[in-house]
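This report refers to the structure that appears directly beneath it.
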Amino acid sequence: MINIPKGTKDVLPQDSYKWRFVENAARETAKIFNVKEIRTPTFEHTEVFLRGIGETTDVVNKEMYTFTDKGDRSITLKPEGTAGVARAFVENGLSNSALPLKTYYITSCFRYERPQAGRLREFHQFGVEFFGSYSAETDAEVIILAKTFLEKLGLTDYVLNINSIGCKECRKEYHAALKEYLKKNFDALCKNCKERFEKNPLRVLDCKEEECKLIAAGAPSILDYLCDDCKAHFEKVKKLLTAAGVKFNVNDKIVRGLDYYTKTVFEFTTDCIGAQSTVLGGGRYDGLIEELGGGKMPGIGFAAGIERLLLLTEATGVKIPDDEKVQIYVAPIGETAAFKCFEIVNDLRANGIIAETDHLGRGIKSQFKYADKIGAKYVAVMGEDELNKGEIKVKSMADGNETFVKVENLLNFIKG
RNA sequence: GCGGGUGUAGCUCAGUUGGUUAGAGCGCGAGAUUGUGGUCCUUGAGGUCGUGGGUUCGAUUCCCAUCUCCCGCCCCA
């Protein structure tokens, strides 16, 4: 037997309706916010992610599916959605379109990691990217969109954390202050954080080690170092969210692991699905388009992990509506009747009825069993008698009532 | 990349202190006076007991290795 690659999952026919439920909620939310779908390739030139996500990040350093193709090009399966969309934005000259340009996608992403609860090597994201607006209204709208989406799914067990990590300018000052502070506590830091000190001191704030948490608690806050513009921006985002009735915590310890983020960052987290608690995360990236060779162009977006959302619906008992059931199973008895039933079923389907009939030449009894299993609302039996009279005997599976219906009236009978 | 756990039927799991044909429930198939489902009953199919070595007269059971899946670290959605 050949088995599935590590860290991947089959979505089986009996479960796929749950995925469609999430995807439909995503598309409906996008529609209301006038967000248009964008589809970019599953793989890109590795360069896109090196430049976009940042060469020092863990995602780029140790988690990418990178290979050389037969034309000697370095290709990488997308580990996230934003960089590819940004590349498409630049390449297609979308800065000349009506701005802001609001896009979304539902896509597979790939990261070479050890699988665990809520973490797979191929996973799926619903993501949103807005381009062309610096305004706080845009930040607030993106966050409200995210919340609307989660609400549409019926989710409630989550909290929203927001922070501002400043622009290039104020982050520089903060970095210096943070390093100054960390230097004083350097010996108490965990092994990992000692390395982070040089490469990415911000990440120390995010460390889960007890000693580091203590040190992080006393660290200077980025919020005290924001420049006037960043500060005003963040204040306005908070004000807009509050006015919109969005509950949030300001958490100056949240840091995102992708280099492109600036100013507003946010995470919707839950404690219901294990250690991988972020179900949706994102932020502003005002330097990304330039990094990929475009002009000066702000952007902001988020991505939600579909598998994690599905885990959360399950963990919190969200009721996902059942998949569509077969409306009528047409059961023939004998060859001649089977021919007629095939015709009847075709006709019902042509009229939009979910209809099914025998494929295996089964007896009437097992046809009923089958019809029951697939959840058929009605079973219509056609044998010699019915064939001769031009009728069909329709049984309601819920109450067992049987009615003789003229074949030409069957469609109307089913409809109501 | 590092740690802990796990691996017996499609699924959930028993079991063998090493000994002839390896079990249950669920599911699946067939039947219960041959034109009627969901309950009950009868019956059937389905496992090289994760894989490869080793110990042994004999291993699914003991030992070693390896892989898988699960959980955690790291990181992120």
Side-chain angles (χ1 to χ4, degrees), chain A residues 1 3-9 12 14 53 56-64 78-82 106-128 146 158 190-193 195-196 200 203 206-209 254-258 261 266-270 273-283 301-312 329 331-334 337 360 362-387 392-402:
Chain A
M1 184 172 67
N3 47 10
I4 196 168
K6 191 185 182 99
T8 63
K9 279 237 173 10
L12 300 175
Q14 64 266 29
I53 299 172
T56 64
T57 58
D58 276 17
V59 169
V60 167
N61 270 312
K62 41 185 217 193
E63 295 171 4
M64 295 209 301
K78 58 167 110 162
E80 55 94 61
T82 305
I106 296 172
T107 188
S108 285
C109 295
F110 306 86
R111 305 222 290 228
Y112 192 86
E113 300 186 271
R114 273 290 277 275
Q116 70 186 71
R119 200 178 71 185
L120 292 167
R121 289 184 173 180
E122 181 186 17
F123 60 103
H124 298 79
Q125 287 189 338
F126 162 49
V128 164
Y158 58 79
C190 75
K191 209 176 116 219
N192 267 322
C193 286
E195 286 171 26
R196 288 174 179 139
N200 197 348
R203 289 232 64 88
D206 221 22
C207 186
K208 273 110 196 163
E209 295 288 333
I254 74 167
V255 170
R256 317 245 59 228
L258 277 40
Y261 287 114
F266 58 95
E267 291 178 347
F268 289 79
T269 62
T270 179
I273 59 169
Q276 307 303 313
S277 57
T278 303
V279 293
L280 186 155
F302 70 77
I306 295 181
E307 286 85 352
R308 289 185 189 175
L309 292 170
L310 251 9
L311 285 175
L312 187 54
Y329 178 93
I333 300 169
L360 304 178
R362 282 200 267 229
I364 189 67
K365 195 181 186 70
S366 36
Q367 291 195 60
F368 263 89
K369 283 191 178 182
Y370 177 73
D372 187 53
K373 267 174 215 154
I374 63 178
K377 191 175 174 202
Y378 293 105
V379 175
V381 178
M382 164 138 329
E384 283 296 318
D385 292 353
E386 291 85 353
L387 208 51
I392 193 157
K393 187 157 70 171
V394 183
K395 179 172 181 174
S396 162
M397 296 297 271
D399 54 27
N401 291 340
E402 293 184 330

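Here is the naming used below: chain letters follow the sequence lines, and residue numbers restart at 1 for every chain. These numbers come from a predicted model, not from an experiment.
Paired regions of RNA chain B, where each region holds three or more successive Watson-Crick or G-U pairs whose two hydrogen-bonding distances fall under 3.5 Å, are B:1-5 with B:69-73, B:10-13 with B:23-26, B:28-31 with B:41-44, B:50-54 with B:62-66.
Note that CZ of Arg308(A) and CG of Leu280(A) are 11.0 Å apart. Values are rounded to the nearest 0.5 Å. We find the CD-NZ distance between Glu402(A) and Lys393(A) to be 4.5 Å, quoted to the nearest 0.5 Å. Note that CD of Glu307(A) is 9.5 Å distant from CD of Gln125(A), once rounded to the nearest 0.5 Å. Separating the OG1 atom in Thr56(A) from the CZ atom in Arg203(A) is a distance of 10.5 Å, to the nearest 0.5 Å.
Atom name P, nucleotides rA30(B) and rU36(B): the rounded distance is 15 Å, in whole Å. Nucleotides rU12(B) and rC28(B) are separated by 16 Å at their C1' atoms, to the nearest Å. A gap of 13 Å separates the P atoms of rC11(B) and rG47(B), to the nearest Å. One P atom belongs to rA24(B), the other to rG44(B), and the distance between them is 11 Å to the nearest Å. A distance of about 13 Å separates the C1' atoms of rG7(B) and rU66(B), rounded to the whole Å. rU60(B) sits 24 Å from rC69(B) when the P atoms are compared, rounded to a whole Å. Straight-line distance between the C1' atoms of rU55(B) and rC62(B): roughly 8 Å, to the nearest whole Å. The gap from the C1' atom of rG15(B) to that of rU34(B) amounts to 43 Å, rounded to the nearest Å.
No engagement by Gln367(A) is indicated, since no non-hydrogen atom pair under 4.0 Å with the nucleic acid exists. Across all strands, Glu113(A) comes closer than 4.0 Å to base atoms (heavy-atom distances). Ile306(A) comes within 4.0 angstrom of nothing in the nucleic acid, heavy atoms only. Among the protein residues, Gly118(A) comes within range of the nucleic acid bases, having at least one heavy atom under 4.0 Å from a base atom. Within the nucleic acid shown, Ala371(A) has no heavy atom closer than 4.0 Å to any nucleic acid atom.
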Inset, instruction - Could you run through nucleotides 34-50 of chain B and give me one letter per nucleotide, 5' to 3': B if any protein heavy atom sits under 4.0 Å from the base, S if only the sugar-phosphate is that close, - if neither? - result: -BBBB------------
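Residues forming a side-chain contact (heavy atoms from CB on, under 4.5 Å) with Val59(A) (at least two apart in sequence, or on another chain): Ile53(A), Thr57(A), Glu63(A), Pro79(A), Arg111(A), Leu258(A). Remark: Ser396(A) engages Tyr378(A), Ala398(A), Asp399(A) in a side-chain contact (heavy atoms from CB on, under 4.5 Å) (not counting sequence neighbours). By the side-chain contact (heavy atoms from CB on, under 4.5 Å) test, Met397(A) pairs with Phe368(A), Asp372(A), Val379(A), sequence neighbours left out.
The nearest whole Å value for the distance from the CD atom in Glu307(A) to the P atom in rC70(B) is 12 Å. In this entry the distance linking CG of Asn61(A) with C1' of rC74(B) reads 13 Å, nearest Å. Atom CG of Leu12(A) is separated from atom C1' of rC11(B) by 12 Å (rounded to the nearest Å). Note: CD1 (Ile106(A)) to P (rA77(B)) measures 17 Å, nearest angstrom. Here rC67(B) presents its C1' atom at 16 Å from CD1 of Ile4(A), a figure rounded to the nearest Å. When rounded to the nearest whole Å, the span between CG of Asp58(A) and C1' of rG1(B) equals 11 Å. If you measure from atom CG of Leu312(A) to atom P of rA77(B), you get 17 Å, rounded to the nearest angstrom. Atom pair Leu360(A):CG and rA30(B):C1' shows a separation of 14 Å (rounding to whole Å applied).
Phosphate proximity of rC71(B) to Gln116(A): absent, as no side-chain N or O sits under 4.0 Å from OP1 or OP2. Note on Arg114(A): every side-chain N or O is 4.0 Å or more away from OP1 and OP2 of rC69(B).
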Inset, instruction - Mind running side-chain contact (heavy atoms from CB on, under 4.5 Å) on Met382(A) and Leu387(A) for me, showing each step along the way? - result: CA-CA 6 Å; Met382(A) 164 138 329; Leu387(A) 208 51; 3.4 Å; yes
Legend entry - Working for side-chain contact (heavy atoms from CB on, under 4.5 Å), residues Val279(A) and Leu311(A): CA-CA 10 Å; Val279(A) 293; Leu311(A) 285 175; over 6 Å; no
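For Lys6(A), whose side chain is taken as the heavy atoms from C-beta onward, the closest listed nucleotide among rA77(B), rU68(B), rG72(B) is rU68(B). In this structure, the nucleotide among rC71(B), rA30(B), rC70(B) sitting nearest to the side chain of Ala117(A) is rC71(B).
Using a distance-only test at 3.5 Å, with no hydrogens or angles considered, no donor-acceptor pair links the side chain of Glu267(A) to the main chain of Thr269(A).
With hydrogens and angles left out, the side chain of Arg119(A) and the base of rC74(B) share a donor-acceptor pair within 3.5 Å.
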Review item, side-chain donor-acceptor pairs of residues 112-123 of chain A, under 3.5 Å, at least two apart:
| from | atom 1 | to | atom 2 | distance (Å) |
| --- | --- | --- | --- | --- |
| Arg119(A) | NE | Arg114(A) | O | 3.0 |
| Arg119(A) | NH2 | Arg114(A) | O | 2.3 |
| Arg121(A) | NE | Glu113(A) | O | 2.7 |
| Arg121(A) | NH2 | Glu113(A) | O | 3.3 |
| Glu122(A) | OE2 | Ser108(A) | OG | 2.7 |

